[in-house]
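One structure is given below, encoded as structure tokens.
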Number of protein chains: 2
Amino acid sequence: MKEPKRQKLAAAGWTVGGAADFLDLSAPEAAFVEVKLALSQALRLLRTRKRLTQGELAGQLRSSQSRVAKMEAADTTVSIDLLVRALLHLGAKPRDIAKAIT
Amino acid sequence: MKEPKRQKLAAAGWTVGGAADFLDLSAPEAAFVEVKLALSQALRLLRTRKRLTQGELAGQLRSSQSRVAKMEAADTTVSIDLLVRALLHLGAKPRDIAKAIT
DNA sequence: AATGATTATGTCAGCTTGGACATAACACAA
DNA sequence: TTGTGTTATGTCCAAGCTGACATAATCATT
């Protein structure tokens, strides 16, 4: 977002922009959450396409429903490793992971 | 690899194939190490292109030379999170990460 | 070969993440 | 509304990861 527009909206009492602006992240950190968000969204998409509940997927992953929920919410306690593993277990190929990130 | 060929080579005393064959990994696990290896290689490439030593990079990342060495070796104690963070700190964009994985 | 620079490997205390559980919140049909 | 299925959130502690250090191994230059 261009700065003038941001100031205008900020003046109206809004905090504008993505997670980077709000949490005041450095560029690399912002890119990191961007990647994580992309993967979490890909996971939810793949799961719902297969018409699985979070609980069912958790069973396949030998994990728990609550953790799957956190994966899809890109919770801070969830690593990219876990997201990648989950995607691969759902049949995604490395190429699909790459596609999701792009 | 096709099984006949593998048997032939195995008979000659060789252990043939990638990490998956050797460590007897499931398909998702094999794909996981594949992704990790791709990222570790991308890291070394990016670092050497910038003519940085492992120690210098470690300084920028507030880590240690030994850990950077492990990152580039795709050591089991290194997470994909750490690799991604390192790449992003070196200026890689999410798109570059995707490219490396593909 | 000897020196200096860089990279590799082993270990460990401390921090982070994972699975599990409980429970709340939501969606939607009866 | 009440019930049923699904998803979200908070907490615990065990398992896994991280930075740091020591030291070994490589490599390049002389």
Side-chain angles (χ1 to χ4, degrees), chain A residues 19 22-23 25-26 28-90 92 97, chain B residues 19 22-23 25-26 28-90 92 97:
Chain A
F22 183 67
L23 295 168
L25 301 174
S26 71
E29 288 169 313
F32 183 80
V33 312
E34 184 185 333
V35 169
K36 207 161 142 181
L37 276 174
L39 294 175
S40 68
Q41 289 167 6
L43 179 61
R44 169 157 292 174
L45 203 65
L46 202 48
R47 175 181 65 81
T48 55
R49 282 199 160 205
K50 297 201 167 190
R51 309 203 184 286
L52 294 171
T53 67
Q54 292 180 346
E56 288 167 342
L57 175 54
Q60 296 184 15
L61 300 175
R62 301 175 184 285
S63 180
S64 61
Q65 179 271 324
S66 61
R67 190 133 294 273
V68 171
K70 281 163 199 190
M71 288 184 213
E72 295 183 354
D75 188 279
T76 53
T77 72
V78 170
S79 71
I80 288 184
D81 289 60
L82 191 61
L83 288 168
V84 168
R85 274 189 225 272
L87 285 165
L88 295 174
H89 269 276
L90 276 175
I97 309 277
Chain B
F22 182 67
L23 295 168
L25 302 174
S26 71
E29 288 169 313
F32 183 80
V33 311
E34 185 185 333
V35 169
K36 209 162 141 180
L37 276 174
L39 294 175
S40 68
Q41 289 168 5
L43 179 61
R44 169 158 291 175
L45 203 65
L46 202 47
R47 176 181 64 80
T48 56
R49 281 197 159 208
K50 298 201 167 190
R51 310 204 183 285
L52 294 172
T53 67
Q54 292 180 345
E56 288 167 342
L57 175 54
Q60 296 184 14
L61 301 174
R62 300 174 184 286
S63 180
S64 61
Q65 178 271 323
S66 62
R67 188 130 298 271
V68 171
K70 281 163 204 203
M71 289 184 212
E72 295 183 355
D75 188 279
T76 53
T77 72
V78 170
S79 71
I80 288 185
D81 289 60
L82 191 61
L83 288 168
V84 168
R85 274 191 226 272
L87 285 165
L88 295 174
H89 269 276
L90 276 175
I97 309 277

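From a predicted model like this one, the values you see are computed outputs, not experimental measurements. Letters go in sequence order (proteins before strands), and every chain restarts at 1.
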Minimum-distance pair of heavy atoms, taken over all atoms of B:P28 and A:L88: O-CD1, 3.6 Å

Smallest heavy-atom separation, B:M71 atom then B:A86 atom, equals SD-CB, 4.0 Å

Give the table of side-chain donor-acceptor pairs shorter than 3.5 Å for residues 73-81 of chain B, with sequence neighbours excluded, one pair per line with atom names and distance.
| from | atom 1 | to | atom 2 | distance (Å) |
| --- | --- | --- | --- | --- |
| B:D75 | OD1 | B:T77 | N | 2.7 |
| B:D75 | OD1 | B:T77 | OG1 | 2.8 |
| B:S79 | OG | B:D81 | N | 3.4 |
| B:S79 | OG | B:L82 | N | 3.0 |
| B:D81 | OD1 | A:I80 | N | 2.8 |
| B:D81 | OD1 | A:D81 | N | 3.2 |
| B:D81 | OD2 | A:I80 | N | 3.1 |

Spacing of CD1 belonging to A:I97 relative to CZ belonging to B:F32, to within rounding of 0.5 Å: 10.0 Å

N/O donor to acceptor pairs below 3.5 angstrom from side-chain atoms of residues 38-47 of chain B, sequence neighbours left out:
| from | atom 1 | to | atom 2 | distance (Å) |
| --- | --- | --- | --- | --- |
| B:S40 | OG | B:L37 | O | 2.7 |
| B:R44 | NE | B:E72 | OE1 | 2.7 |
| B:R44 | NH2 | B:E72 | OE1 | 2.7 |
| B:R47 | NE | B:E72 | OE2 | 2.5 |
| B:R47 | NH1 | B:L52 | O | 2.7 |
| B:R47 | NH2 | B:E72 | OE1 | 3.1 |
| B:R47 | NH2 | B:E72 | OE2 | 3.4 |

Gap separating the CG atom of A:L90 from the CZ atom of A:R85, nearest 0.5 angstrom: 14.5 Å

Near DNA chain D, which residues from residues 60-73 of chain A have a heavy atom under 4.0 Å away? A:Q65, A:S66, A:A69, A:K70

Output for pair (B:K50 NZ, B:L57 CG), nearest 0.5 Å, gives 9.5 Å

For DNA chain D, which residues of residues 75-86 of chain B approach it to below 4.0 angstrom with any heavy atom? B:T76, B:T77, B:V78, B:S79, B:L82

Within residues 47-54 of chain B: residues closer than 4.0 Å to DNA chain C (heavy atoms): B:R47, B:T53, B:Q54

Would you mind reporting whether B:V68 and B:T53 have side-chain heavy atoms less than 4.5 Å apart? no

All salt bridge (Lys or Arg N to Asp or Glu O under 4.0 Å) counterparts of B:R67, not counting sequence neighbours: none

Set of side chain to side chain donor-acceptor pair (under 3.5 Å) partners for B:S63, sequence neighbours left out: none

Drop me the distance from A:S66's OG to A:Q54's CD, to the nearest 0.5 angstrom. 9.0 Å

Who pairs with B:E34 by side-chain contact (heavy atoms from CB on, under 4.5 Å), at least two apart in sequence or on another chain? A:P94

Show the distances under 3.5 angstrom between N or O atoms of the protein and N or O atoms of nucleotides 28-30 of chain D.
none

Angle, rounded to 10°, between the helical axes spanning five pairs at each terminus of the helix from C:dA1-D:dT30 to C:dA30-D:dT1? 50°

